[in-house]
Amino acid sequence: MDLTKVLSVVKSKKTGFFAAGVLFGTAGIKALSSKDAKKFYTNCTAAVLRAKECVMDTVATVQENAEDIYAEAQQINEERAAEAEEWEAYAETDEAEEAEETEEVSEDTFKEVAE
């Protein structure tokens, strides 16, 4: 095979591909800039804006619920802390009373042993 024949075939293929690309590109630009295409783009953009609004409403609802949950959790923890303090105070009072009773019993026992 002759090298010039191979190069001319490759050159003509490349030229053909380039011409086809220019043709399709020009046709594509015409199609994309038509009234129908503009209407389609407008409708798609409107749909995206509606979807965005819906998502933002959902996000706002989720944030409100999260704030409510957080506030209720804080309240529960405060109530538990108050209950724990009450139990500690009760336990200290109970221990003090037991200590007094033990001292009284010890004193009575000491008096009985001493007599």
> Say you draw a straight line from CD of Q74 to CD1 of I69; how long is it, rounded to the nearest 0.5 Å?
Replying inline: 13.0 Å
>> Could you tell me if the side chain of D57 sits less than 4.5 Å from the side chain of E53, heavy atoms only?
In response: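 With C-beta onward as the side chain, the pair touches.
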> Is it true that atom CZ of F40 has more than 12 heavy atoms of other residues, nucleotides or ligands lying nearer than 6.0 Å?
Replying inline: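 No, CZ of F40 has 12 or fewer neighbouring heavy atoms, counting only those of other groups under 6.0 Å.
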